[in-house]
Structures are given as structure tokens and as C-alpha cells.
Amino acid sequence: MITVMGMGAGAPPGADVAAGAELVVGGRRHLDAVRLPEGAERVVLGALAPALDTVAEYVAEGRPVTVLASGDPGFFGIVRVLAERFGARRLDVRPGVSSVAAAFARVGLPWDDAVVASAHGRDLRTAVNLCRAHPKVAVLTGPGAGPAELGAALRTDARVLVVASALGSGEERVERVTPAEAAGRDWGAAVSVVLCLDEARALGPVRSVAGPRAGAAGWALEESAFAHRDSMITKFEVRALALARLGPRPGDLVWDVGAGSGSVAVECARLGAAVTAVEKTPDGVERVRANAAAHGVDVRVVHGAAPAALPRLDDPDAVFVGGGGRELPAIVAACARRARRSVVVAMAALDRVPAAREALVDAGLECDGVLLQSSRLAPLPGDVTRLAATNPVFLLWGVRPHSRTEGVSP
């Protein structure tokens, strides 16, 4: 049996934490905090592979091993690696208080509705996009992905960062800063976790199920769920297929170009993605903001015309193009060059389809599409029903070939 002991974010454990072990493995600060049993071998965790090989030797001989870890070792911790190598049934896991739980406790906030991301050894952009999309996010930091880098990426977002350093130690420090303040400081190597908060929304209603609210209450909502002008809105049949091809998910960044009412932007945000809506008309900008507020999501709205407004935006995972007029081929080309995964284009005009398709193909995307023609049930006098046809819409999509086999961002 391998005992995996979480040291927690509180006081050091008692001296008997490793009692009976013949091998004790852990970080230097954890090993220094406990009294090793007489005759026990001590292995300081550095490179993981040699330590696991040593553990394997003791396990093969039936000798007891204790592994010391930070907080809850099953929460972005060493339990995953140990279970993969030795099997979950061989582990006796005794969790401590995780750094995330401790950080939220320090600021007096519940965290059953928080999103947690690890930037330790991972791409920071996933954590950044989660921070943009959700009101309460905890980011586990790592070298090159700490408060300064997170703050630099979130300079233009209305967020507060709570930087929790060295939790549970004598050097513990918990500070509230703006993203710009975080970006301008050297935080050293002791940071445990950063909380990114939209303080206006961080205390939501009491929930019966733990976890973020994104994606609740269905998708492809009725047009009546959005404020719009003169029926200028992507119809729900078109929106349903567009969402299926965009595939918005937590950690993604989605552009809605020519947003209009922002129905696609809002739906992508409800499914957990960070969203930037580009809209050229002032009344459209306000309409997108109002619809986002009505649905309780955060959509960043850029007032400008594409493609001129696009270069200053961060590269997206997916793009929806719902407007453009004569500029449509240039807009699609600009979006297709930048999109990491897919571009979806909705058009009512037949004449624009070939140029849009050519722009997708020229950017190296695999292109497909459909002409959507739907008829809705409509009442007639005499308690009978007819079919009322909606305007046909061409939907093209381009998918970057390698993205078909990519896994979910860590």
C-alpha cells in the first residue's frame, strides 16, 4: 500500500504522519516538516520518473511507502500519476486542505460555483479564457504562468485578482490587485493560487448542484429570448447548427463577427467559452451588451467594423461570421487565418457563397456547408395549422484539419 498524505494549507502535521513507512517521498519542505521513522529512506521529489522507479522497487517487495504532497493530492496532484503507475486500489489517499479551498476561505467566498484551471506546465490561454468567461475562477500557477502573466492578459477585463502566496506557511500572503497591478510586479516562485473575480457576479444565488452555471437551460434559444431589431437575428435553426460546428467549450475563445443582436455570442458564452463580439453599429453594441446582461454572461464587445477591427484581438479558437456585405470575403479570409479550430459563416445571399468558400479553402481549412430551409408550425383560423417557411440561409464551415483529433485543452 502507498499512503499519499496531503499536508494541507494549515499547520504542519504531527510527527507520526509517516509512521511505519520504509520509504518517504516528498518535496524538501514537506520532508523537513515531519519526523521520518527510524531507518526509513528519504527521496526528495525533483524529477518524477526516478522517484517513481524507487517507489516501484519498494512496492514490488511489499514494503510500505508514504508520499507527501501539497493540499489535496487528488486535486491536480500526484494521485493521478501514482494511480496510472500502480493502480488506484494500491493507494491510501488522505487529503489535506487544497490551496484553492484555502484561498477562497481566506477571502470569505464559497467556491462550489467556481471554475478551477491549472496553468502549471500548461498553456496559459485556457486559464485566461476561463477568467474572461466566468465570474469566479481559481488558477493554479506555474513558472511563466503566474500572476504577472495572467494580469497582463486580463488588463482590459473588469476583474480583481486575489494572489495567494505560500498558503499555510509563515510567509503566507494574500493580496487583492488589479490585473494591471499584477502585471507590473515580480511575484517570485512562492505563489500557490490566483483567484480571478468579477466581484459584481461572484456571489450568485444559492445552488442545489455544485459547479458553474454555463450551459444551463438548453441552447439554440427562441428568438424571443433576445432583444433584436426588425427580426435581424440568427434564427434558432441556423444557430443550432452553427453552435454544433463552432463547438464552444470552457477554455475556448470565440469571435462573433457582425454580431447584430449577439445571439450567437451569448449562446457561446452560456456554453462556457470566452466571447468577443465585433459590431459596427452603436445601437448594435448596446443591444449585444443588454442581451449578455439579460442572460447573465460576460461578452466582450468591440465597437468596430471587420476586418479592420480584428488585428488587435487575441487569436480565437472558433469564429462565427454573421455579417459583412461586400467585405465578407476579406472578413472570412482574416478570420480563417487566425482561427485555431473552425470558422462558421452564415449568408442569405447566394452570390457570396463561392467567395466565402474560397477564402476558407485558401486558408487551409476543410470546407463543408448546407443550405438550411425550414418551415415552422403556424396557426390558422379554425384551429388548424400550416407550415410557414423561413428565409433560406447558407451555412458554410471550415475546420482546421489537425483540430479534428485534438483533445480538450488542459
Report task. Identify the heavy atoms of Pro316 and Trp255 that sit nearest to each other, and give their distance. Result -> CD-CZ2, 3.4 Å
Query raised in the report: If you take all heavy atoms of Pro248 and Val254, which pair is closest and at what distance?
Result: CB-CG2, 4.2 Å
Query - Residues which pass side chain to side chain donor-acceptor pair (under 3.5 Å) with Arg338, listed by chain and number, not counting sequence neighbours - result: Asp315
Query raised in the report: Is any side-chain N of the basic residue among Glu237 and Arg376 closer than 4.0 Å to the acidic one's carboxylate O?
Result: yes
Report task. Grab the two heavy atoms, one from Met7 and one from Ala33, that are nearest each other, plus how far apart they are. Result -> CE-CB, 4.1 Å
**Report entry** Presence of salt bridge, Arg106 and Glu172, under 4.0 angstrom
**Finding:** yes
Query raised in the report: Does any pair with a residue in residues 159-169 pass salt bridge (Lys or Arg N to Asp or Glu O under 4.0 Å), and if so which ones, sequence neighbours excluded?
Result: Arg159-Asp198, Arg159-Asp298
Report summary line: What one should report as the nearest heavy-atom pair of Glu327 and Pro307 is OE1-CD, 3.8 Å
In a table with atom names and distances, give each donor-acceptor pair under 3.5 Å that connects a side chain of residues 137-153 to protein atoms at least two apart or in another chain.
| unit_1 | atom_1 | unit_2 | atom_2 | d |
| --- | --- | --- | --- | --- |
| Thr141 | OG1 | Val191 | O | 3.3 |
| Glu149 | OE1 | Gly146 | N | 2.9 |

Requested in this report: Output yes when Arg300 and Asp157 qualify as a salt bridge under the 4.0 Å nitrogen-oxygen rule, no when they do not.
Outcome: no
**Report entry** Closest non-hydrogen atom pair between Arg185 and Val177, with its separation
**Finding:** NH1-CG1, 4.2 Å
Query raised in the report: Quick one: do the Ser70 and Arg29 side chains pair a donor with an acceptor below 3.5 Å?
Result: yes
Report task. Please state whether the rings of Phe104 and Trp111 are parallel, tilted or perpendicular, taking 30° and 60° as the class boundaries. Result -> parallel
Query - Full working for side-chain hydrogen bond (donor to acceptor under 3.5 Å, both in side chains) between Thr3 and Thr66 - result: CA-CA 5 Å; Thr3 302; Thr66 293; 4.6 Å; no
**Report entry** Option among Val344, Val399, Leu365 that satisfies the side chain to side chain contact (heavy atoms under 4.5 Å, CB included) test with Leu360
**Finding:** Leu365
